[in-house]
Undergrad: 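Provided herewith is a single structure, encoded as structure tokens, for subsequent inquiry.
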2 protein chains.
Amino acid sequence: MAIAQPKTKRGETSRAVILQAALDLFQQRGYDATTMRAIAGHAGVSLGSSYHYFPSKEHLVLEFYRHTHELHAAAIAPLLSREKDLAGRLRGTIRAVVITCEPFHTVAGSIFSTVANPSSPLNPFGAAAKPLRDEVVALYGEVVNGSDARIPADIAEMLPLMLWLYQMGILYFWIFDRSPGRLRTLEVIDETTDLIVRLIALANVPILRGSRKRILGMIKNIVEGRVS
Amino acid sequence: MAIAQPKTKRGETSRAVILQAALDLFQQRGYDATTMRAIAGHAGVSLGSSYHYFPSKEHLVLEFYRHTHELHAAAIAPLLSREKDLAGRLRGTIRAVVITCEPFHTVAGSIFSTVANPSSPLNPFGAAAKPLRDEVVALYGEVVNGSDARIPADIAEMLPLMLWLYQMGILYFWIFDRSPGRLRTLEVIDETTDLIVRLIALANVPILRGSRKRILGMIKNIVEGRVS
DNA sequence: GCTCTAACTTGAACATGTTCAAATTAAATG
DNA sequence: CATTTAATTTGAACATGTTCAAGTTAGAGC
């Protein structure tokens, strides 16, 4: 059940070659059409060997996610060091998510369901996904903190986590998007990022103070029980 | 692939007995632990016979949902004819959802993932789920329209659909909720329903007019491409 | 170089969702 | 009642994720 970390050169090679085969096949054929036997076959190892390094097919998906996250982080590095406007940073970051994931669009649907499953070890709120989740949330922390926007402290505290959630929402929309070039998703991104920045600015309006406090308090309360 | 409607007394009986066995076993053992062979066995029919009436195990889940929806609708009927306050109607309705679903809490997790899968015929945004989805949205229409709240027309138009989405969000929270008596979910319901009503009232504040129009326009735009 | 142990590898076996061609049943038709 | 036809039922067969006991390999300790 526990993931066996390779303790040998040979083991490392095996793990790497299995993972690479899995990534290739997922991308080529999609999640469902990629059998564990095919992965093992392409990797040149036996079926049982794959299970030595990856306790289940789902665990290979987690690596898949890590892979796309690294692509994404690399893609937005220039933007984050150049752009200071919050809306620009946010829009660029989220656009880069769907652009990075575009080659995996056909895969994404079936993967999403395994990930949304609360009883799956991979679900985004669970323990196994924590390291990756923390990385993504930290990335949004950088998006927020590197901007010249002046954001109230109580909002700034929760914002990265909420943007991570927002990103998942966009991805879910993107999965369904059949428009050419995924234009509809890009439109929605432009509109929502603008809106988010606008709402943050509005949060200081006196009449909204009360609701703002309540919303933030509630989110904090909710988050503590789940993503901790 | 297409669902075979029974055309005989005998066929109707078979379908009913299979469905009943499935509902029982799902509730007793959960989705994953209930095998198609067990369902067939308990129903006293052969494995192949089950597939004659239900193209897949997932299709049995849809019937499970319909079942809980009917329980829910019956449970809130008295409330809807008595209570006129929007917050009260909303709170009571959503509370009734989680209370109705409580016996299925252990099942719900694994079911959720099959339903969230965009490639599944059962995903809430898809065609197969439309009849049931329409019923639920209509129910929220009744929650809204039967209240004495004065709601701007543009909001009233979208509100039932958004409340349906809100209900799904609550259910997703509820699935994770391990607190005794599922108290945390009930708390969140109380807070969020209040908040929703408050935000609807705030939507008329002049400074929010612009954002309100944009948000509603965007939601309308999004919804048209998916839940149509 | 030999031995021993832990790491690694293997493939058969199992469980379960799904398919399908053949057998059976029931009802309509004459 | 006999025949025909469509509906229904069946269980074997298949694909695939997963497990596991047994075999193989490589490196540490001497």
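Numbered from 1 within each chain, the chains take letters A, B, ... in sequence-line order. FYI, side chains are in, hydrogens and waters are out, and symmetry mates aren't considered; it's all heavy atoms of this structure.
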Undergrad: Whole angstrom is fine here: how far is it from NZ in A:Lys57 over to P in D:dT16?
TA: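 About 9 Å, once rounded to whole Å.
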Undergrad: Closest to the B:Ser49 side chain: D:dA7, D:dT10, D:dT18?
TA: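 Per side-chain heavy atoms of B:Ser49, the pick is D:dT10.
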Undergrad: Among D:dT8, D:dG11, C:dG11, which nucleotide has an atom closest to any side-chain atom of A:Ser46?
TA: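 Ranking D:dT8, D:dG11, C:dG11 by closest atom to the A:Ser46 side chain puts C:dG11 first.
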Undergrad: Does the side-chain contact (heavy atoms from CB on, under 4.5 Å) test come out yes or no for B:Asp194 and B:Arg91, once each step is laid out?
TA: CA-CA 8 Å; B:Asp194 259 23; B:Arg91 183 171 53 240; 3.7 Å; yes
Undergrad: Of all the nucleotides listed (D:dA13, C:dT19, C:dT9), which has the minimum atom distance to the side chain of B:Arg37?
TA: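 So the side chain of B:Arg37 is nearest to D:dA13.
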Undergrad: C:dT18, D:dT8, D:dT10: which one has an atom nearest the side-chain heavy atoms of B:Ser14?
TA: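 Comparing C:dT18, D:dT8, D:dT10 against the side chain of B:Ser14, the answer is D:dT8.
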Undergrad: Are the charged groups of B:Glu63 and B:Arg15 less than 4.0 angstrom apart, N to O?
TA: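 Yes, this pair counts.
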Undergrad: Can A:Ser56 and A:His59 be said to form a side chain to side chain donor-acceptor pair (under 3.5 Å), step by step?
TA: CA-CA 5 Å; A:Ser56 78; A:His59 279 78; 3.0 Å; yes
Undergrad: Measuring from the side chain of B:Met36 (C-beta onward, heavy atoms only), which nucleotide among C:dG17, C:dT9, D:dG17 has the closest atom?
TA: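 For the B:Met36 side chain, the nearest candidate turns out to be C:dG17.
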Undergrad: Roughly how many Å is it from CG in B:Asp32 to C1' in C:dG17, rounded to a whole number?
TA: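 Atom-to-atom, B:Asp32 to C:dG17, this comes out as 12 Å.
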Undergrad: Starting the side chain at C-beta, find the nucleotide from D:dT18, C:dC8, D:dT10 nearest to A:Arg10.
TA: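 Side chain of A:Arg10 sits closest to C:dC8.
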Undergrad: If you assign B:Ala33 and A:Gly11 each to the DNA chain C nucleotide with the nearest heavy atom, which residue ends up on the more 5' nucleotide?
TA: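 Looking at the nearest nucleotide for each, A:Gly11 comes out on the 5' side.
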Undergrad: Evaluate ring-ring contact (aromatic ring centres under 6.0 Å, His included) for A:Phe64 paired with A:Phe104, printing each intermediate quantity in order.
TA: CA-CA 10 Å; A:Phe64 189 80; A:Phe104 319 121; 4.9 Å; yes
Undergrad: What integer distance in Å separates B:Leu60:CG from C:dT16:P?
TA: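 In whole Å, C:dT16 P and B:Leu60 CG are 16 Å from each other.
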